[in-house]
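Okay, so here's the structure we're looking at.
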Amino acid sequence: MVYGPHKPPLPETPEQLRARIPGWGVDLDPRDRPTVPRLQDRPGLEGPPDESIEAQAELRPRERSIEHAHLTPVFGTAQPLHGVSGAIRRYAYARFSEGRAAHWLLLVAGDRVEAFGAHVRSFASLRPDVPATGLRAELRHGGLGARKGRVDARHHLLDPVVVGVPWVATGAGVVAVVRRVRARRR
Amino acid sequence: MKAMVYRGPYKVRVEDKDVPRIEHPRDAVVRVTRAAICGSDLHLYHGMMPDTRIGHTFGHEFVGVVHEVGPAVEHLQVGDRVMVPFNVFCGSCFFCARGLYSNCHNVNPNATAVGGIYGYSHTTGGYDGGQAEFVRVPFADVGPSLIPEWLSEDDATLMTDALATGYFGAAIGDIVEGDVVVVLGAGAVGLFAAKSAWLMGAGRVIVVDHLDERLEKARTFAHAETVNFAEHKDVVVLMKRMTDHLGADVVIDAVGAEADGNLLQHVTSAKLKLQGGSPVALNWAIDGVRKGGTVSVVGAYGPIFSQVKFGDALNKGLTLNMNQTPVKKMWPRLFEHVRNGHLVPSDLVTHRIPLEHIAEAYHLMSAKLDGCIKPLITTDASQGA
């Protein structure tokens, strides 16, 4: 047996496809596709000239990638850096380019530190964090039955572990420290 | 105002936040009437995207009514009904001037590797998103478009990302007449990609997923052949058998960072966050496409490294096309397709959930319960919109 030069025949002809599928082939000509050409050659197509974009006021120091020459003229201000997580993130931005794994891993570390602190603080509030929100959907939308036979169900079992293990580990750590302190006092 | 708020991995809720204000003369503030949860929002929800801060409001698919405009906004007025592309972009930098709106250089100080995206962490610029009653919209004369009278708000909402991205995925596959196109993933983007592949003249379209209800949608909505990969020992071998052992001409990865199909890859990425994403679908695409074929990637991956089989891509002489979708560039053609009835975006809306129940909506989408493909989020302003 050898492999020949031809593609295998298609199960349907273009005429059959056109009859069966609404719009079949209407973008057959690449010139009808907005991705052709991939790059336009008309600078300044949409927005104001570069030099006319006013700089957004930097009301507090704004972190930026060191791969940028300067702070971009427009930026989000949704959640400014703060606390320990802010220090970690600020260091990641100031020290490492986006090409360094350390940049991203430090940002992830900042995420975990901030999340942990937010959860702990929430327990001192009138609205403590629920470990996994939205579980009501399990009751209203099928729950276990909806997962029957699904290949992803096996790692759904890991979700409670992923969410719960940091709390269990932290709790165990706190208990261990308290016990050690008590033992030393005796 | 009420807004969805991130509280850490697997935890979101609704909180009261300040109504966003005009921070730049070219800003507008939009009162949201419809938003959607995207599959890529789940990467944030699961804590996979670096620099996702507590208090962040997600949501990059939304439409609404202009509530306030900055002094330099010329083309929008208070009260205008607008659809807002998920990209934040200036329209005039080196990249925007070449149509690469999703790679704008003037809106994201946090990274040069990605442009600005609403509600998608500080890695994409630190803009709160549209799963809220109000949202700040920079460069209001550049990104948003007025919603045509004939277009429903549901359809408009899906055009701000899911439809545009599915269509873009097919378009950058550079499909020619008679091509065999495999679409990995039967979420909203994958289904729109499959449907769009026909418009570009595909000869066969095969959709791969593991959820039966989504595969049923692939058959009825997208007129595609389907493969449930859970029923096959090796989906790559199956793809080869289905194509006379050549491989598909084009494979579209519409899955992204949380692909199933390999427990080790999924756990090390989605659960343990040791990779930027589970590259199962991308590796299937590389292996399943024919030599000299094209892999189109529109599934979202994070910036952290992933275990991609790049050597196979090299040795097979593949063309890899990918980007975040420059949504507004797709709209003129998509308006025609929607108006002609070739594409009906709202056919994929499976759930409508009030903003107050956002946590339930995220869990529903994340666990893929109740046949969920595309949940829309409604606000008080949705009444009559």
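Letters go in sequence order (proteins before strands), and every chain restarts at 1.
Screening residues 89-118 of chain A for salt bridge (Lys or Arg N to Asp or Glu O under 4.0 Å), with sequence neighbours left out, gives A/Arg89-A/Asp111, A/Arg89-A/Glu114, A/Arg89-B/Asp51.
Top candidate by heavy-atom pairs under 4.5 Å with chain A, chosen from B/His245, B/His357, B/Glu336, is B/His357. Taking B/Ala111, B/Gly8, B/Ala202 one by one and counting their heavy-atom pairs under 4.5 Å with chain A, the maximum is reached by B/Ala111. For the set A/Gln56, A/His119, A/Gln79, A/Arg136, the count of heavy-atom pairs under 4.5 angstrom toward chain B peaks at A/Gln79. In terms of heavy-atom pairs under 4.5 Å with chain B, the best-connected choice from A/Pro30, A/Gly99, A/Ala115 is A/Ala115. Your options are A/Arg147, A/Arg20, A/Glu138, and the one with the most heavy-atom pairs under 4.5 Å with chain B is A/Glu138. Of the listed residues (A/Glu63, A/Arg64, A/Glu12), the one with the most heavy-atom contacts under 4.5 Å to chain B is A/Glu63. Ranked by non-hydrogen atom pairs under 4.5 Å with chain B, the options A/Glu67, A/Arg140, A/Arg150 are led by A/Arg150. For the set A/Tyr3, A/Trp24, A/Phe75, the count of heavy-atom pairs under 4.5 angstrom toward chain B peaks at A/Trp24. Considering only heavy-atom pairs separated by less than 4.5 Å from chain A, the leading option among B/Phe168, B/Trp331, B/Tyr362, B/Tyr167 is B/Tyr167. For chain A, the option among B/Thr57, B/Asp27, B/Asp212, B/Asn321 with the highest count of heavy-atom pairs below 4.5 Å is B/Asn321.
Contact of A/Leu59 with chain B is made through the side chain alone, with heavy-atom distances under 4.5 Å. Proximity to chain B is limited to the backbone of A/Ala55, based on heavy atoms less than 4.5 angstrom apart. With a 4.5 Å cut-off on non-hydrogen atoms, B/Arg333 touches chain A through its side chain but not through its backbone. Only the side chain of A/Tyr93 comes within contact range of chain B, judged by heavy atoms closer than 4.5 Å. Of the atoms belonging to A/Thr77, heavy atoms from both backbone and side chain fall under 4.5 Å from chain B. Neither the backbone nor the side chain of A/Arg18 comes within less than 4.5 Å of any heavy atom in chain B. With a 4.5 angstrom heavy-atom cutoff, A/Leu28 touches chain B via backbone and side-chain atoms both. At a 4.5 Å heavy-atom cutoff, the contact between B/Thr243 and chain A is made by backbone atoms alone. If you measure heavy-atom distances from A/Pro73 to chain B, the contacts under 4.5 Å come from both the backbone and the side chain. Contacts between A/Asp32 and chain B at a heavy-atom distance below 4.5 Å involve backbone atoms as well as side-chain atoms.
Of all heavy-atom pairs between B/Val114 and B/Asn108, the closest is O-ND2, 3.0 Å. Residue B/Ser121 comes nearest to B/Thr123 through the heavy atom pair OG-N, 3.0 Å, listed as atom of the first residue, atom of the second, then distance.
Look at A/Arg33 and A/Asp27 and you find no salt bridge, because none of the NZ, NE, NH1 or NH2 atoms lies under 4.0 Å from a carboxylate O. Residues B/Lys17 and B/Glu15 are not paired through a salt bridge, judged by the lack of any N-O separation under 4.0 Å between the basic side chain and the carboxylate.
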* Asked: Could you go step by step and tell me if B/Lys368 and B/Asp209 meet the salt bridge (Lys or Arg N to Asp or Glu O under 4.0 Å) rule?
  -> CA-CA 13 Å; B/Lys368 301 178 179 67; B/Asp209 202 295; over 6 Å; no

* Asked: Between B/Arg290 and B/Asp249, is a salt bridge (Lys or Arg N to Asp or Glu O under 4.0 Å) present by the stated rule, with each step listed?
  -> CA-CA 6 Å; B/Arg290 67 166 165 79; B/Asp249 299 295; 2.6 Å; yes

* Given B/Phe58 and B/Tyr120, is the ring-ring contact (aromatic ring centres under 6.0 Å, His included) satisfied, shown in steps? -> CA-CA 6 Å; B/Phe58 302 165; B/Tyr120 213 76; 7.7 Å; no

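Aromatic ring orientation, A/Phe96 versus A/Tyr91: perpendicular (interplanar angle above 60°, classes split at 30° and 60°).
B/Lys328 places a side-chain N or O within donor-acceptor distance of the main-chain N or O of B/Val142, the cut-off being under 3.5 Å. A donor-acceptor pair under 3.5 Å is formed between the side chain of B/His24 and the backbone N or O of A/Glu54.
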